[in-house]
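Worksheet: the structure to be examined is printed underneath.
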Amino acid sequence: MASNKLSLFKKIIATVKSKETLNYFTSTHFWGPVANWGLPLAALADLKKDVSIISPKMTLAMCIYSLIFMRFAIMVKPINPLLFACHFTNECAQLTQGGRLIYFNFTHKENPV
């Protein structure tokens, strides 16, 4: 049993030290999406903030931007699932923000007398 665990550990270490893994972690295919995760994280943090801070133009722009780059992530060779996940998360957060804004605008209209 102990030798199986040691063997598995050695395989994991060999995979981490492999040239392919090191090339991936030092490429823009990895660091581009990692740097880009700031966008969806900021959008997710804004979900708890007041609706009045939502910019409809920026929300629409971010939705279009994320849709374009989701497509790019699956069209580029090799496919970049990390980039796709980043933009999918951002798309969901932006659509939620847009929905919050629409709901706020419809429910907070002054009733004409």
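Keep in mind the model is a prediction, meaning the values are calculated, not measured. All residue numbers refer to positions in the sequence shown, counting from 1.
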Begin from the C-alpha positions of Trp37 and Thr89 and carry the test side-chain contact (heavy atoms from CB on, under 4.5 Å) through to its verdict. CA-CA 9 Å; Trp37 269 99; Thr89 304; 3.5 Å; yes
Any chance you could measure Ile68, atom CD1, to Glu91, atom CD, to the nearest 0.5 Å? 10.0 Å
Starting from Met58, can I reach Leu60 by hopping between I/L/V/M/F/W/Y residues whose side chains sit under 4.5 Å apart? yes
Just one of His87, Gln94, Arg71 clears the side chain to side chain contact (heavy atoms under 4.5 Å, CB included) bar with Ser66, so which one? His87
Drop me the distance from Thr107's OG1 to Ile102's CD1, to the nearest 0.5 angstrom. 11.5 Å
Within 6.0 angstrom of Phe104 CZ, more than 12 heavy atoms from elsewhere: yes
One should read off an interatomic distance between Thr59 OG1 and Ile64 CD1, to the nearest 0.5 angstrom, of 11.0 Å
Enumerate donor-acceptor pairs with a distance under 3.5 Å from any side-chain N or O in residues 76-83 to protein atoms, sequence neighbours excluded.
| residue | atom | partner | partner atom | Å |
| --- | --- | --- | --- | --- |
| Asn80 | OD1 | Leu82 | N | 3.3 |
| Asn80 | OD1 | Leu83 | N | 3.2 |
| Asn80 | ND2 | His29 | O | 2.9 |

Nearest atoms (heavy-atom pairs only) where Pro33 meets Cys86: O-SG, 4.2 Å
All pairs passing salt bridge (charged side-chain N to carboxylate O under 4.0 Å, His left out) where residues 43-54 contributes a residue, at least two apart: Asp46-Lys49
Any residue meeting ring-ring contact (aromatic ring centres under 6.0 Å, His included) with Phe72, in chain and number order, not counting sequence neighbours: Phe69
The side-chain hydrogen bond (donor to acceptor under 3.5 Å, both in side chains) partners of Thr96 (sequence neighbours excluded) come to none
For residues 26-45, pull every pair meeting salt bridge (charged side-chain N to carboxylate O under 4.0 Å, His left out), keeping only residues two or more places apart or in separate chains. none
Partner residues of Phe84 under the side chain to side chain contact (heavy atoms under 4.5 Å, CB included) criterion, sequence neighbours left out: Met70, Ala73, Ile74, Phe88
Roughly how far, to the nearest 0.5 Å, is CD of Gln97 from SG of Cys63? 10.0 Å
